[in-house]
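Below is one structure, written out as structure tokens; comments come after it.
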Amino acid sequence: MSRTPTLAILLAVGALALGPGCSRGFFGKGGDPDAESDADTDTDTDADTDADADADTDADADADTDADADADTDADADADTDTDADADTDTDTDADTDTDPATTDDDGDGYSEEEGDCDDTDPSVGPGTVEEPYDGIDNDCDSTTPDDDLDGDGYDSTATGGEDCDDTDPSANPAAEEDPTDGVDNDCDGEVDERFEVRTLDRSSDCGLPSAIAVDSAGQVHVVYFDLDGGALRYTGRDASGAWSSPADIVSYSWADTGEYLDAVVDGADNLQVAYTFWDWAYTGYVELDFIYRDSGGTWSSEYIVDDYASSGSTSTGWFVSVDVDSTNLPSFAYYDDDAGLPMLADFTSLGVAIYASVDANYTGGGTGWYTSLAIDGSDYDHVSYYDPYANFGLSPEVQYTKLDTDLDSLVWSEKVGDDGAWTSIALDGSTPCVAWQDATSADLLYACRSSGSWSATTVDSSGSVGAYASLAFNSAGQPYIAYYDETNGDLKVATDDGTGWTSFTVDSAGDVGLAPDIAIDASDIVHISYYDATNGALKYAEGY
């Protein structure tokens, strides 16, 4: 029954009932035996034969034919047509529309509707029931009890098609970082205690060969890399909140390739300093070495020339470039000059000019100084490692080392580190220079540090053709890490020595991955690696311990 019509009828009935009471001057027609003014035989003033004042024949004061005082046709006192005393259309005395009272425990679970049973037809549902996760039913009739995402970490359980591999542990979910020591799959990737997490940073084009990575004092990660398709120098970075920026070209020309060789370092003011080659393939055909930096606020500088034909007469320079900064944030650059066949050093001074020097001599004319790598010590002296394929007049290739020092007793010139080494990488353990490289003959990964004027090499990994693109760094405890390419398996690998000996492990094996890795270790001793995915032509990133 519609509420609006019911309300209209009640108002109409009230108006009619008031009329006779207010019209004392009204007289009916005909003669009747009673004393009132109507034409019937009862003692009230209406025209029916009952004793009330309405127009029906029952004894109540409403206008219907039942014996109660409401305006409906049933015998109870409410406004509906059933015989109970409530205002609904069922026959019980509660206010719902079912036929049983709210106080009745219909399903026998010990709780009625009035006592909080949200489904009194199901004995497995009620306030005394333990919630059954993942069944889609409010078993305990408490809407605050979760049926899914029991640990409240924002991820639904894998049991219901979600991504949370352990819905009882809020620290285990797809967004969590893996703890390699707790025996738990923290990040829900199906692997327990893996040391590194990997992700693709850019696959919008064939890019990432090579790349360079650096981390600033706020933990922000910076990656510069070469776009092989567009010939551009590109950048992406991760801020302190963990969000990666969209990859973007920072140096790009339609007639030149920028970044076929590159390196980067963060200085003490959190500026990202980048060295890269510029190949003018459209006009001169010359290759020069250039420089650009990004300040701590994210603004890129203009481009600067470090070495080119105009300054040195070289038509092809900057190969294998490596950059580092001194205590005043001024950069030095070690690189190979292909015209001269020499490893070169450009050391920028506070006067705003660079001092240029070769760090070896080209005795045979065949060239020396490939795979140059640079590190600057706390006294601002330059340490350079490189490969001389024509050492000893071409009789025995060597990994070599030069240190430039104003103290002639500390100057080291073209010192042998090891035999037949390619892909050299130098880093300082305090003030001690250490070098990682690939033995070009055996394709093993080797490592050596200088002590008392001599070097002693250790084989780190000899399981196949390994050690290419070796990249070396130390954590705050002096523990060395080497990232390198396993050519036999097409994998990215890392080797480290925690003081008990070297161990190596695979970081990424999804396709042919791991070419040209670059490694950086932040102030929290987290290891960061950028590298090339040859299968997908993509830049990838690994982070771990």
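Summarising the geometry of W437 relative to T424, their closest heavy-atom pair is CB-CA, 4.0 Å, with the distance given to 0.1 Å. Across Y235 and V224, no two heavy atoms sit closer than the pair CD1-CG1, 4.0 Å. When all heavy atoms are compared, the tightest approach of L472 to S425 is N-OG, 2.9 Å.
Using a 4.0 Å cut-off between charged side-chain N and carboxylate O, R238 and E543 make a salt bridge.
In the model, D461 has a side-chain atom that pairs as donor or acceptor with a side-chain atom of Y484 under 3.5 Å. A donor atom on one side chain and an acceptor atom on the other are not found under 3.5 Å apart for Y155 and D167. Using modelled atom types and a 3.5 Å distance limit, the side chains of T168 and D151 yield no donor-acceptor pair. Between the side chains of D267 and Q273, a donor-acceptor pair is found at a separation under 3.5 Å. In this model, no donor atom of one side chain and acceptor atom of the other lie less than 3.5 Å apart for E163 and T158. Side-chain contact, D518 with S530: no donor N or O sits under 3.5 Å from an acceptor N or O. Side chains of S476 and D525: a donor-acceptor N/O pair is present below 3.5 angstrom, by distance only.
Rounding to the nearest 0.5 Å gives a distance of 5.0 Å between CG of L428 and NE2 of H383.
Within a 6.0 Å radius of CZ in F278, more than 12 heavy atoms belonging to other residues, nucleotides or ligands are found.
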